[in-house]
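Here is the structure we will look at, set down as structure tokens.
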Amino acid sequence: MSDALGRRNSLLWAGSVFIGGALAVALSPSVPFMTVARFVLGLAVGSASVITPLYLSEIAPPHIRGRLVSFNSLMIVSGQLLAYLINAVLAHWAAWRWMLGLAALPAVALFVGLFFLPDTPRWYISKGRLDEAARVLHRTLPAEDVPAELARIDRARALEADARRGGWQQLRTPWVRRLLLVGIGLAAVQQITGVNAVVYFAPKILASTGLGTGASITATIAVGVISVLATAIGMSLIDRVGRRPMLLTGLAGMAVSLALLGASFHLPHSTAVSFLVLGLMVLYMAFMQATLNTGVWLLLAEMFPLKVRGLAMGAAVFVMWLVNFAVALAFPLLLDVVGAGTTFWFFGVMCVLSLVFCKRYAPETKGLALEDLEHELRKAATSEA
């Protein structure tokens, strides 16, 4: 859709679906109706999660592209924090319809704001609209750099067209197929270790310790705050520390946090135990957001060779959303069947298994140009095969 309609027009479509979906959820007369409305919202979430970083990477000047695309992750957790804050206020009136319906406001801002933005130079060039591409580049680059950038984008577009034609054949190459499986494994690791169980169900988890529903919703603000701070810290460290050390350290910290979190649910219910659970959830989220969340997305963007980069990353992100769906579906059922303690111990075991996987297979991409990285990964994969 983004290739056919353009990045901007596709985001306009996603914004309109966000608006309609949020209002439909808020006005739902029944659970089945709400389920369908949530599915519609999922279409907008899925579209925006692909198109937004694509738009940012193509519209940004080269010297700030990396920072701007990474900033997208920081804004996601900042949006979650804002939702926690608003829900905490509205919880005093049990205004759950307002909690859901207010999501239409940022969607309206997205929809209206896009009318003041151009599409990306790369998309204009792909459609032969060179004058419009040049106008956009004049807004982001010095005038003397525009002709060279136009030529560079046109060359890159031609290379990508060739790459797409040869992508499926490249996946038959053993070392490329091995990298694809590692990428899919990393995507699964990001979700199977339980992050979205905490993000989606933090109030339910805290309520299970005896904390009131309103207080549980208010307490989850701490989860949002630490997510924002930890993501910012992770972004500042990832290029200095390296990808593998960040992943291994984070998974070890997450495993310990989850082991303690599971044990805390076997203590007698009290306000002190509720805040102990909250503190351990915050500790877990700090390790997760600073290391695994930052590292996995960066590795998926770096580790695949040019000819299969889009195809392979698309496959890995598809698996990530599938595992996300499975965790979101299973978590409340597990809470009811085996209890919160055993459920979090299960996620702790997943962290240990993920640590073994990452130690064995996750590549280190720090400090290498993508072309040099492709050569190193090919050599390493071939020698281990």
Side-chain angles (χ1 to χ4, degrees), residues 18 22 25 38 41-42 44-46 48-49 52 72-88 90-91 96 99-100 102-103 106 187-209 211 213 216-235 250-251 253-255 257-258 261-262 265 274 277-297 317 320-335 340 343-344 346-348 350-351 354:
F18 266 125
V25 169
R38 293 284 289 176
L41 272 176
V45 172
S49 69
T52 299
N72 185 49
S73 297
L74 184 61
M75 289 297 96
I76 289 173
V77 293
S78 297
Q80 290 169 350
L81 173 58
L82 182 61
Y84 286 145
L85 291 168
I86 293 172
N87 289 348
L90 294 176
W96 64 266
M99 292 180 189
L100 297 169
L102 283 175
V189 162
Q190 193 203 40
Q191 294 297 321
I192 200 65
T193 48
V195 59
N196 280 322
V198 175
V199 171
Y200 296 157
F201 300 108
K204 183 179 177 69
I205 295 166
L206 290 170
S208 72
T209 67
L211 202 63
T213 301
S216 298
I217 292 174
T218 302
T220 56
I221 293 171
V223 175
V225 171
I226 199 62
S227 294
V228 173
L229 295 176
T231 301
I233 292 171
M235 288 170 57
L251 285 166
M254 290 161 63
S257 303
L258 288 168
L261 184 58
F265 282 95
S274 296
V277 169
L278 175 62
L280 290 170
M281 287 168 57
V282 166
L283 181 63
Y284 164 81
M285 290 298 292
F287 279 112
M288 168 64 197
Q289 298 290 10
T291 60
L292 197 65
N293 188 45
T294 306
V296 167
W297 279 108
V317 173
M320 186 183 292
W321 280 113
L322 282 179
V323 179
N324 178 298
F325 166 75
V327 170
L329 186 69
F331 183 75
L333 301 177
L334 287 172
L335 285 182
T343 300
F344 282 111
F346 167 79
F347 285 128
M350 293 298 102
C351 287
S354 298

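What's counted below: heavy atoms across the whole structure, side chains too, no hydrogens, waters or symmetry copies.
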How long is the straight-line distance from CG of Asn324 back to CG of Leu329, given to the nearest 0.5 Å?
11.0 Å
Which heavy-atom pair separates Ala232 from Leu74 by the least distance, and what is that distance?
N-CD1, 4.1 Å
Can you check whether Gln289's main-chain N or O pairs, donor with acceptor, with Thr294's side chain at less than 3.5 Å?
yes
Walk me through it: do Val327 and Phe347 pass the test side-chain contact (heavy atoms from CB on, under 4.5 Å)?
CA-CA 10 Å; Val327 170; Phe347 285 128; 4.2 Å; yes
What's the separation between atom OH in Tyr284 and atom CE in Met254, rounded to the nearest 0.5 Å?
4.0 Å
Pair Val317, Trp297 - check side-chain contact (heavy atoms from CB on, under 4.5 Å), show working.
CA-CA 9 Å; Val317 173; Trp297 279 108; 3.8 Å; yes
Of all heavy-atom pairs between Val282 and Ala222, which one has the smallest distance, and what is that distance?
CG2-CB, 3.9 Å
Paired with Phe331, the ring-ring contact (aromatic ring centres under 6.0 Å, His included) test is passed by just one of Tyr200, Phe325, Phe201, namely Phe201
Measuring only between side-chain heavy atoms, which start at C-beta, is Ile86 closer than 4.5 Å to Met99?
no
Taken to the nearest 0.5 Å, the spacing of Met288 CE from Ile226 CD1 works out to 14.0 Å
Rounded to the nearest 0.5 angstrom, the CG-OG distance for Leu280 and Ser257 is 7.0 Å
So do the side chains of Leu102 and Leu90 get within less than 4.5 Å of each other, counting heavy atoms only?
yes
Contacts of type side-chain contact (heavy atoms from CB on, under 4.5 Å), residue Met350, not counting sequence neighbours
Ile192, Phe346, Leu353
Between OG1 on residue Thr343 and CG on residue Leu334, distance to nearest 0.5 Å:
4.5 Å
Side-chain contact test, heavy atoms from C-beta onward, threshold under 4.5 Å: evaluate it for Val223 versus Leu278 and give yes or no.
yes
Identify, with sequence neighbours excluded, every residue that meets ring-ring contact (aromatic ring centres under 6.0 Å, His included) alongside Phe265.
Phe344
Quick one: closest heavy-atom pair of Gly348 and Leu258, and the distance?
N-CD1, 3.6 Å
Which pair of heavy atoms, one from Gln190 and one from Leu292, lies closest together, and at what distance?
CA-CD2, 3.9 Å
Hey, are the side chains of Thr220 and Leu206 touching, using non-hydrogen atoms and a 4.5 Å cut-off?
yes
Might you point out which heavy atoms bring Ala286 and Ala230 nearest each other, and give the distance in Å?
O-CB, 3.6 Å
Under 3.5 Å, is there a donor-acceptor pair between the side chain of Tyr84 and the main chain of Ala219?
no
Got a second to check how far Gln80's CD is from Leu85's CG, nearest 0.5 Å?
12.0 Å
Taking every non-hydrogen atom, the tightest pair across Leu41 and Val25
CD1-CG2, 3.7 Å
Would you call Ser354 and Leu251 a side-chain contact if the rule is heavy atoms closer than 4.5 Å?
yes
